[in-house]
Amino acid sequence: MSQNRFQQHLVPVATLLAVGLVLWYLLAIWLNAAGVIERVLAPQGAWSWQELVAATFSMQRPVLPVPHQIALDLWTSIFDAPLDSPRNLLLHAWVTAGATLTGFLMGLVLGGLLAVCIVHSRTLDRALMPWIVASQSVPVLAIAPIVLIILGSLGITGMLPKATIAMYLCFFPVTVAMVQGLRAPQRLEMELIHTYSASRIQTFFVLRLPSSLPFLFPSLRVAIAAGLAGTIVAELPTGAQAGLGARLLTGSYYGNTLQIWSALIMAALLGVVLTALVAAVEYLIVGRRRQA
Amino acid sequence: MNAPHPTELQASPHSALETPVARPAVVARKASVIYQAADRPVHALSEIDFTINRGEFVSLIGPSGCGKTTLLRVIADLEPITSGEVLVNGMTPSDARERRAYGYVFQAPALFPWRTVLANVMLPLQLIGRSKAECEAIAREQLGRVGLAGFEKKYPWQLSGGMQQRVSIARALGFEPKILMMDEPFGALDEITRDKLNEQLQQLWLRERRTVVFVTHSIAEAVYLSTRIVVMSPRPGRIVKVIESPLPFERDLSIRDTPEFTRLAQEVREALAEGHQ
Amino acid sequence: MNAPHPTELQASPHSALETPVARPAVVARKASVIYQAADRPVHALSEIDFTINRGEFVSLIGPSGCGKTTLLRVIADLEPITSGEVLVNGMTPSDARERRAYGYVFQAPALFPWRTVLANVMLPLQLIGRSKAECEAIAREQLGRVGLAGFEKKYPWQLSGGMQQRVSIARALGFEPKILMMDEPFGALDEITRDKLNEQLQQLWLRERRTVVFVTHSIAEAVYLSTRIVVMSPRPGRIVKVIESPLPFERDLSIRDTPEFTRLAQEVREALAEGHQ
Amino acid sequence: AEKVTLQLKWVPQAQFAGYYVAQAKGYYKEAGLDVTIKPGGPDISPVQVIAGKSADVVVNWMPDALAAREAGVPLVNIAQVFDKSGLMLTCKKASGVSSPKDLKGKTLGVWYGGNEYPFLNWMGKLGYKPGKDITVLKQGFNVDPLLQNQAACISTMIYNEYWQVVDAGVKESDLLAFFYQDQGVASLEDGLYVLESNLRDKAFVAKMAKFLKASFKGWNDAVKNPEEAAKIVVAQDASGSATVAVQKRQMENVAKLISNANTPKIGYLDPAAYERTVKVLMSGGSDPVIKKDPGKAAMTHMVWDAAAK
Amino acid sequence: MSQTKLPGAIGALLAIIPAGLALSQTFSLSGFDPVIPLPALHSPALRIAALQIVCVLLAAQPLRCLLGTLPLLLGSLLTGALLLLSVPSGESEPATAFWLLCIAQFLLARTSVQRLAMLDSPPWVATLTAVLFGLWMLYFWQLLVTAFAVPRVLLPAPADILLALFTEADKLGGDFVQTVLKSVLTGYVLGSGLGIATGIAIERSPFLQRGLLPIASLTSTIPLVGVAPIAVMWFGFDWPSKVAVVVLMTFFPAMVSTLAGLGAAGKLERELMHSYAASPRQQLLALRLPAAMPFIFGALKVNASLALIGAIVAEFFGSPTAGLGFRISTEAARMQMPLVWAAIVLSAIVGSALYSLLVLCERRVNFWHPSVRAAQS
Ligand SMILES: Nc1ncnc2c1ncn2[C@@H]1O[C@H](COP(=O)(O)OP(=O)(O)OP(=O)(O)O)[C@@H](O)[C@H]1O
Ligand SMILES: Nc1ncnc2c1ncn2[C@@H]1O[C@H](COP(=O)(O)OP(=O)(O)OP(=O)(O)O)[C@@H](O)[C@H]1O
Ligand SMILES: Cc1ncc(C[n+]2csc(CCO)c2C)c(N)n1
Ligand SMILES: [Mg+2]
Ligand SMILES: [Mg+2]
């Protein structure tokens, strides 16, 4: 069945990607043409169409680099430098992944705790829940520098400030899903447990927690993606430290468009890997009992 | 009130019914339940008076909304009474619940999908802190009794609706409740499965002689299973008639074609119709 | 084949049954349906042969999984047949569907929660482009017929299950289908509501004499409603027996206590048991 | 060893080579210091860092430092390594700018975050009101607005962004650069600042003196040997984006801003230059950068003197 | 199944300990002598402690209605205000008595919120509870920032922020126009609209759907804010580049949810429409689109905060001299922290307002959906 689905999707996805690639090349010619003419070709005098296309595909500082340029840059930035060198993109991906995962775990704990409190306390449900929703309207991404400085003044430096920002973005989906999930047990199931005269703690572990898992995992996938975005943005203001966000920033700073693009692609790959990680954990925990 | 029965042995719990001082499992005195609905209060139960003796199989029957479920819930401490008194084994329902007096079987099986069949049956036993081995032994035994030996490792959603309901009954029985409460346990099943389960339940009761309070919509089911049938009527919920069953305790499905059965069913139907006015 | 009936008028559609050349509404010839399940193919229907004449009320009864739903779906063009032939009013089911031949009532009411009761009944009429006023008039009339006048402005979730099912029936009827298909329409309701709806459906059929194909699990329901009962058996799905009902067309619920009824029910039960082996 | 934390104003680059060289060559260690150099970034304000007590000493531009004083963070200049300003406004000739007068009606890229003061000052002097006579855009940290022709002129540093424009393929002959120095609105750039309250502490002053001495040694080396400095800086760049060639050129240009390199005067804040800067900052018309003359309170030679001994 | 105890009563009673301690402390400070210590009565700490004890007594009242809770509410607010006014200003270290009063005040605040949360009706009491909770949070923020003399360049007090909101209203107004009206709203409407439209358009093309869905769900794992520097490079420093980022960030969630929603119509309902021989257009209008609305609103709500984040982050990489992102980053560097926080508060208000507006719309559009019905009853 899944084999079948895979094949069903393969052809359309491949087709669309191919169309996208072609469009990309055309767009690159169109976008880069002006700059190429002004800075590369015009100084040399007369030029032909072929020269224009070739030049737009191999520009130093393109407005839109073409895919093979990016692929090449990715390749060199992964394989041409030792793994522990700051020139290696994998190192930066690793740094970002570390902060994201730390923040994600922190967010998981915080979100879970909040959800448990909210489900068990009417006061917190009424008083806190609206503020948790409002908290997500605060553009933490914009206040990342302030958070970094406040945390810095409290002696928290290094990876933790970034992880804190990631946590801020992660905890929300977790809380919302957990609140929903912990309340998911039907009245019937709650009453059943009640006739056994189970304690609150027993009810939590025997009924509420297991029934919240199906809600939790989809939210975890959302959370880790949000956390990654948070980490990357938290890496922007600190500038040239390690991490994909720093690569984005310095790429922009040194006018290295290719570097921006490879950092973006790497971030995308990292996002996919991290979500796959969550999916794998989900499969391990609930996979085999999922309904057919 | 209780006609002694030829098949009855003196030693069985049912013999209690025959002694002059019956041992009551449930006593309700002028018990009323009023729901505060949005617009106006609903009299779900109105001054109910009745007694269920130990070892009886009592069915509650009545039209939708007459308060059958409410009565069951009151007995099981799932709903407080507004006035009057309900005693279970001489205690308040709440105390009885704390002493694990109840096994409750709902209309839906209410099994936990993340637990295997075995683990579902073990659940109530684990909650009261029985050892794992003990839980498992009891659960296996109960599953055997409802004919589900060999299905221990399955998950609920791998079973048919009828099998699920049997798991739910095994779970309630494993708890060794003093009183088994069943709220339309077979309502969602098809007729054939239902017949089978009716038969099994009857045999089970015959074997164990637990007190059973059973809610149903089906006249045939009520007549087939019960030693006593309580007919209720709505608005406000009250008891119209209590019918003692003259049928022998040992029954099989063919009893449904006997004239006695038909007469009893007719009596119930008339009582129902009466209450329906 | 069809015994002429005393209450029958020559002019009614039912009279067709009495003419030597009955006008068939549905004809199935060696119709088979095989589902390609993951592991192995499931023979849901195996070489079914049968005919439903116009104006008949035919019930399909059989144990779970015997292919009743599949047969209904095949007739209504919701499922293709694997081999054989099915004709509806002389056309393929697909053509018949395009000509709006069907009113389908599912086990669940399948009402659209964002539409009022009235708008739900109007839906199929709007789809075929009837004017708004006309739609509304028809819908109101149909709602009146199923006893829901005054509930037009309510939303489905403000009604009880039985009322919702009646809306769904009104919706199917308002469409003026040539054939009314009902797949366990009352399966989810309690016995008393079910009895009432049975009575209403019977009267409705009597009034309008539409062709009805009705799936049920309940022997009593099948016997009470039908002019013909088709008993099916599973693995592979096939027709075990077709029983003509000798009951008069005009019936009320009390007919269930007549010996004729009981005999018919017994016949159906035996046929079912036979197929069950 | 005594701990010192230095907060830079920007990402690791040759602009801060002196400190990195002193660190790499062990000058700090020799002086008995354990120095942590914290790189800055576009949204890291050194003032906030020092106010949050996460740094002992920061590299900052004087306008920003004086503005911080008024906002309640009393910074004091203890040394001024760059005695000339490298800030300029670079325009494409094609956009029709040939003198400051032509700026009217143009879109100009300006760095914010405390670096906008000299520019606003200059415009005040020219009588141009931002938003009315000129369109100001908050320039990001690169030269794209000029390359994409989104702005007529952008802010550049002589040692960095200017060359990025050139590297991108724009010929120097097509560019026109206005030096703030030449426009009379120059202010002192990279200086070292500490909190006023700390200066009351003798031990702190002694520590800073050691720090200055070692840093100056680093600067002298960097000016003498740009290649080596560039390599050291590149090694310190955790983002792996800096290249030796670019940093070496930057170092060579930075060297031109340190006239006192390899003289005993290195790092000495010329009181006249200080007063000039203060005057410029107070003359901003209706919206001056600082309203109160800080007098001599915002600078001290105490540490420098101690270091010179 | 319901417990009937008075929430917060224990907490409130606990408050009597610190309040009493503070009381005795001020007594001993003012030189307790057997004659009534008249000067002590003028000590603010004494007055606050006494009032707090009165509040504790009010809290012990088992009145379960708004009127019964009101005295406690007002009383605790009053003691709070007095306490705030008596914060030792500037250099001098707050006395032990002060901290004791703070603890008592905290316990009172907690009880007041709990008491309000306990009330069942009317519905706006729930909102009031949240508001009160927020007020107390701000209150303790103010109290602690003042008491600990936290530097304003790090964390300003709420009062300063409020002041900045008013004094700098015209600057913030300009930022609002720039960021919210020009960037966020345009991008949000464009991105979500295009996403929904695309979803509807490709709903009938399984090929495009099968191709686009995996790609679209992939993009949900990609940190799209990363394209901000590229967007600024392509579309300039003004609002178009922000719109581009916002469109990109909101497009895919809208499309994916629309597709999921269109596919969410039940099998039964679809077969019903099939049996009516409804045309694809009729199926869309009568069944699929209404059934998709809850999903679409889900995406619209998520997109609301994504849009704000996208626009503000894009302002990092270049902007005109207005905009909330511009304000936050530049004023932070200028040490105008109250203004920075005012801008943050403004964007939070905008975000919450947008969200609430959507919730209101959803209640009207999806009135039939069980989640909405549950929320209303
Ligand atoms: N929580 C409640 N709030 C208000 N009214 C209720 C509540 N629960 C039940 N009722 C009302 O009380 C009456 C009795 O309900 P109950 O569920 O006991 O009936 P029942 O006999 O079990 O019906 P059914 O056969 O449909 O299950 C009904 O009129 C019902 O509407
Ligand atoms: N989509 C399907 N794919 C594979 N097998 C199917 C599918 N639908 C039905 N079946 C199988 O076909 C057989 C007939 O199913 P059908 O639903 O027609 O039975 P039914 O008589 O309606 O049963 P019930 O009374 O439970 O509704 C069953 O064995 C069922 O498992
Ligand atoms: C957002 C931003 N703000 C300020 C500056 C200015 N700045 C601070 S240190 C330094 C030296 C870099 O070469 C420069 C130019 C910038 N570049 N980008
Ligand atoms: Mg009930
Ligand atoms: Mg079926």
Side-chain angles (χ1 to χ4, degrees), chain C residues 69 72-79 88 91 93-117 119-130 154-158 167-168 171-172 174-185 188, chain E residues 196 199-200 203-204 206 257-258 260-301 358-377:
Chain C
T69 299
L72 214 61
R73 291 170 59 81
V74 160
I75 299 174
D77 188 37
L78 292 173
E79 202 82 63
V88 176
M91 296 173 269
S94 174
D95 288 338
R97 180 175 62 80
E98 299 278 333
R99 304 210 184 163
R100 331 262 175 182
Y102 304 113
Y104 206 111
V105 179
F106 299 93
Q107 173 156 14
L111 302 175
F112 293 179
W114 51 86
R115 284 180 169 248
T116 59
V117 164
N120 262 293
V121 180
M122 285 163 64
L123 171 70
L125 300 164
Q126 289 173 328
L127 290 182
I128 56 176
R130 303 283 277 272
K154 293 254 187 262
Y155 284 93
W157 28 272
Q158 296 171 318
V167 176
S168 134
R171 178 177 60 185
F175 197 45
E176 303 209 320
K178 301 218 171 49
I179 307 179
L180 189 59
M181 328 278 295
M182 305 176 95
D183 191 358
E184 295 188 53
Chain E
I196 294 170
I200 292 173
E203 202 263 319
R204 301 219 55 240
S257 299
T258 305
L262 291 175
K267 181 168 180 268
L268 220 54
E269 283 80 5
R270 287 202 310 261
E271 290 187 339
L272 184 76
M273 294 300 278
H274 182 75
S275 80
Y276 295 146
S279 69
R281 202 185 131 79
Q282 286 175 327
Q283 290 210 21
L284 181 71
L285 289 180
L287 173 61
R288 290 179 193 261
L289 214 46
M293 283 327 270
F295 289 75
I296 292 177
F297 267 96
L300 287 181
K301 284 194 272 187
L358 284 167
V359 169
L360 281 184
C361 287
E362 180 175 29
R363 280 203 195 145
R364 312 201 89 211
V365 175
N366 294 335
F367 65 95
W368 51 271
H369 197 259
S371 68
V372 174
R373 270 151 46 199
Q376 272 169 342
S377 62

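Bear in mind that the values here come from a model prediction, so they are computed numbers and not experimental data. Here is the naming used below: chain letters follow the sequence lines, and residue numbers restart at 1 for every chain.
- Residues Arg100(C) and Ala277(E) come closest through the heavy atom pair NH1-O, 3.4 Å.
- Between Trp368(E) and Pro113(C), the shortest heavy-atom distance links the atoms CB-O, 3.1 Å.
- Rounding to the nearest 0.5 Å places OH of Tyr276(E) at 11.5 Å from CD of Gln126(C).
- Contacts of Ala96(C) with chain E are absent, with no heavy-atom separation under 4.5 Å from either backbone or side chain.
- Only the side chain of Phe106(C) has a heavy atom closer than 4.5 Å to any heavy atom of chain E.
- With a threshold of 4.5 angstrom between heavy atoms, Leu285(E) does not approach chain C through any atom at all.
- Residues Pro290(E) and Trp114(C) come closest through the heavy atom pair CB-CE2, 3.0 Å.
- Here OG of Ser275(E) is found 10.0 Å from CG of Asp77(C). Values are rounded to the nearest 0.5 Å.
- Residues satisfying the salt bridge (Lys or Arg N to Asp or Glu O under 4.0 Å) test with Arg130(C), not counting sequence neighbours, are Glu134(C).
- Arg99(C) does not touch chain E: none of its heavy atoms, backbone or side chain, sits under 4.5 Å away.
- In this structure, chain C has a heavy atom under 4.5 Å from the side chain of Met273(E), while its backbone stays farther away.
- Inspection of non-hydrogen atoms places Lys267(E), Leu268(E), Glu269(E), Glu271(E) of residues 263-271 of chain E under 4.5 Å from chain C.
- Between the CZ atom in Arg97(C) and the NE2 atom in His274(E) there is a gap of 3.5 Å [rounded to 0.5 Å].
- The shortest heavy-atom contact between Ala110(C) and Leu272(E) is O-CD2, 3.9 Å.
- When Leu111(C), Leu78(C), Ile128(C) are compared by the number of non-hydrogen pairs under 4.5 Å with chain E, Leu78(C) comes out ahead.
- In the displayed structure, Lys301(E) atom NZ is contacted under 6.0 Å by more than 12 heavy atoms of other residues, nucleotides or ligands.
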